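Input: a single structure, listed below in structure tokens.
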Amino acid sequence: MCTVKAAVLVLEDGRVFRGRAFGAVGETFGEAVFSTGMTGYQEVLTDPSYHRQVVVMTAPHVGNTGMNDEDAESGRIWVAGYVVRDPARVPSNWRSRRSLEDDLTAQGVVGISGVDTRALTRHLRERGAMRAGVFSGTAIADDTAMLGRVRATPEMLGADLAREVSTAGPYVVPALGTTRFRVAAVDLGVKSMTPHRLAQRGVEVHVLPSAATVEDVYALEPDGVFLSNGPGDPDTADLGVVHAALRRGTPLFGICFGHELLGRALGFATYKLKYGHRGINQPVQDRITRKVEITAHNHGFAVDAPLDGATTTPYGRVEVSHVCLNDGVVEGLVLLDRPALSVQYHPEAAAGPHDAGHLFDHFVAMMGRHRAEAH
């Protein structure tokens with residue numbers, strides 16, 4: 001019979017939560033954030049956007065469906081630490097191959113269970129996302145010492161993380177069926193479902209490392225350029241490829257981190273949100289159609305752009321196309337004089353919802369119009 005080990009979560013403002021070790025035993029550090037999805041924890045864990053984040057799950061029961069070999073969004077778990085209230089004792093799903101805790105342990109992810117995640121989430125909403133540490137087993141020390149270690153870790157503001165999660169080399173995701181277009185996708189922390197969604201629409205996707213140059217991109221003679229999601233502060237990222245695509249009039253689509261890079265290239269500032277948006281239940285309104293979509297998010301930064309009317313930029317006029325109904329944060333940009341658009345959320349819908357999948361269709365249509373005009 002295994003012995004249950006104690007675990008401690010220490011926030012940088014001195015708040016301490018005590019519980020039980022869940023996953024690997026040891027210590028870990030990152031930014032404490034909360035995810036409001038009721039399901040999809042496997043996609044959250046393997047999403048590179050969560051690199052260096054200690055993720056708190058607001059859903060009380062986590063691990064019920066175990067872990068499978070189909071739903072991972074990358075080749076590993078990326079979260080820095082994991083915080084749950086009541087982990088499932090036994091997973092129950094026909095696709096389950098192992099338990100959530102088995103995967104956390106095998107990949108060295110330190111977690112904590114038995115925590116009042118409702119109180120913790122409320123604390124983070126009131127005080128904001130902050131640095132945290134999870135300690136278990138022999139890593140537990142007195143609270144003052146653990147707090148000192150947490151405060152010695154780097155903050156998310158100014159963190160250059162996209163290069164740490166990007167692919168080491170280029171690879172191709174072939175189109176499913178007839179190849180209609182070729183896209184150069186800059187991997188800033190891309191989820192595997194994203195190029196698959198493009199491939200379903202007849203797009204051959206060439207995924208390039210985050211450090212890809214303008215020459216690397218245009219050597220492919222792409223019909224479009226895609227900027228993926230990813231972790232870290234957008235102010236740290238190079239904008240060379242974005243500026244090149246805008247100058248040349250190449251159809252451009254950015255999501256999440258890629259949206260923030262487009263915003264910066266257009267001359268807008270980015271800023272850190274108090275606690276960000278994370279989960280698969282965020283309401284966003286399309287300001288053109290007035291339709292409200294439920295969308296998947298993971299971002300702690302946002303674009304500071306005027307909500308009303310068009311703004312003149314070096315690349316023509318741009319409008320805010322989408323806005324979050326919870327707090328008014330800019331969730332989308334569309335250029336009126338060039339073929340470029342972006343959204344702050346994740347339209348690939350893994351683990352859902354599927355409301356925003358049509359954005360890939362818009363991108364494909366944009367490439368079709370551009371090709372027709374060129375001929």
Side-chain angles (χ1 to χ4, degrees), residues 33 35-37 39-53 55 57 67-80 82 103 107 109 161-174 176 183-201 203-210 212 224-232 234 237 253-261 276-282 284 293-301 331 342-360 363:
V33 300
S35 175
T36 57
T39 186
Y41 59 82
Q42 182 167 335
E43 289 86 348
V44 167
L45 289 166
T46 55
D47 179 352
S49 298
Y50 283 99
H51 178 44
R52 207 193 286 178
Q53 293 180 330
V55 178
M57 300 301 291
M67 298 287 277
N68 61 53
D69 296 328
E70 294 79 35
D71 293 340
E73 288 298 321
S74 68
R76 54 167 285 192
I77 292 175
W78 280 103
V79 303
Y82 206 46
D103 264 13
Q107 298 191 44
V109 180
L161 302 182
R163 58 186 175 79
E164 297 181 10
V165 303
S166 182
T167 179
Y171 62 93
V172 178
V173 178
L176 299 178
V183 162
V186 182
D187 177 10
L188 306 165
V190 71
K191 296 170 69 176
S192 64
M193 185 57 71
T194 304
H196 178 70
R197 293 294 187 219
L198 288 169
Q200 288 175 320
R201 291 161 170 82
V203 177
E204 179 182 275
V205 185
H206 291 251
V207 183
L208 303 175
S210 63
V225 173
F226 178 81
L227 307 172
S228 83
N229 58 293
F253 182 29
I255 68 170
C256 199
F257 197 81
H259 159 78
E260 294 157 7
L261 298 195
H277 303 157
R278 295 172 182 87
I280 58 176
N281 49 7
Q282 307 290 328
V284 168
E293 299 174 346
I294 303 303
T295 57
H297 290 228
N298 173 31
H299 67 108
F301 292 83
E331 295 288 347
S342 64
V343 290
Q344 180 67 82
Y345 45 96
H346 292 205
E348 81 290 328
H354 297 271
D355 294 21
H358 63 89
L359 291 167
F360 292 112
F363 183 39

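No experiment lies behind these values; they were computed from the predicted model shown.
Scanning both residues, V55 and S35, for their nearest heavy atoms gives CG1-CB, 4.1 Å. Contact detail for P209 and T167: the closest heavy-atom pair is CB-O, 3.5 Å. Closest approach of G189 and D47 over heavy atoms only: O-OD1, 4.2 Å. For F257 against A162, the heavy-atom pair with the smallest separation is CE2-CB, 4.4 Å. Taking all atoms of both residues into account, the shortest heavy-atom contact from I294 to N281 is CG2-CA, 3.6 Å. Smallest separation of non-hydrogen atoms from P347 and F253: CG-CZ, 4.2 Å.
For the atom pair CG (L188) and CG (L208), the distance works out to 10.5 Å, reported to the nearest 0.5 Å. Taken to the nearest 0.5 Å, the CZ atom of R278 stands 5.0 Å off from the CG atom of N298. Distance check: M193 CE to S74 OG gives 12.5 Å after rounding to the nearest 0.5 Å. Remark: H196 NE2 to S192 OG distance equals 9.0 Å, nearest 0.5 Å. The distance from the CD atom of E164 to the CH2 atom of W78 is 8.0 Å, given to the nearest 0.5 Å. Rounding to the nearest 0.5 Å gives a distance of 7.5 Å between OG1 of T46 and CD1 of I77.
No donor-acceptor contact under 3.5 angstrom links the side chains of Q282 and H299, judged on distance only. Under 3.5 Å, the side chains of N229 and S49 contain a donor-acceptor pair of N or O atoms. Under 3.5 Å, the side chains of H277 and E331 contain a donor-acceptor pair of N or O atoms. No hydrogens or angles considered: a donor-acceptor pair under 3.5 Å links the side chains of H206 and E204. Using modelled atom types and a 3.5 Å distance limit, the side chains of Q42 and E73 yield no donor-acceptor pair.
Using a 4.5 Å cut-off on side-chain heavy atoms (C-beta onward), V343 and H259 make no contact. For the pair I255/L227, no side-chain contact is recorded, criterion being any heavy-atom separation below 4.5 Å from C-beta on. Residues Y82 and L45 meet the side-chain proximity criterion, which asks for heavy atoms closer than 4.5 Å. Between T39 and I280 there is a side-chain heavy-atom pair separated by less than 4.5 Å.
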Exercise for review: Begin with the C-alpha distance, continue with both residues' side-chain angles, and end with the deciding distance and a verdict on side chain to side chain donor-acceptor pair (under 3.5 Å) for H358 and E293.
Suggested key: CA-CA 11 Å; H358 63 89; E293 299 174 346; 2.5 Å; yes

Exercise for review: Check step by step if side chain to side chain contact (heavy atoms under 4.5 Å, CB included) holds for L161 and R52.
Suggested key: CA-CA 9 Å; L161 302 182; R52 207 193 286 178; 3.1 Å; yes

Check your understanding: When you look at Q53 and V79, which way does the side chain to side chain contact (heavy atoms under 4.5 Å, CB included) test go after all the steps?
Key -> CA-CA 6 Å; Q53 293 180 330; V79 303; 5.9 Å; no

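The backbone N or O of S210 sits less than 3.5 Å from a side-chain atom of S166, completing a donor-acceptor pair. Judged by distance alone, with hydrogens and angles left aside, the side-chain atoms of D103 form no donor-acceptor pair with the main-chain N or O of M67 at under 3.5 Å.
Note on ring orientation: taking the six-membered ring where Trp is involved, the planes of Y345 and H297 are parallel (angle under 30°, cut-offs 30° and 60°). By the 30° and 60° cut-offs, the orientation of the rings of F226 relative to F363 is tilted.
Between E43 and K191, no side-chain nitrogen of the basic residue sits less than 4.0 Å from a carboxylate oxygen of the acidic one, so the salt-bridge criterion is not met.
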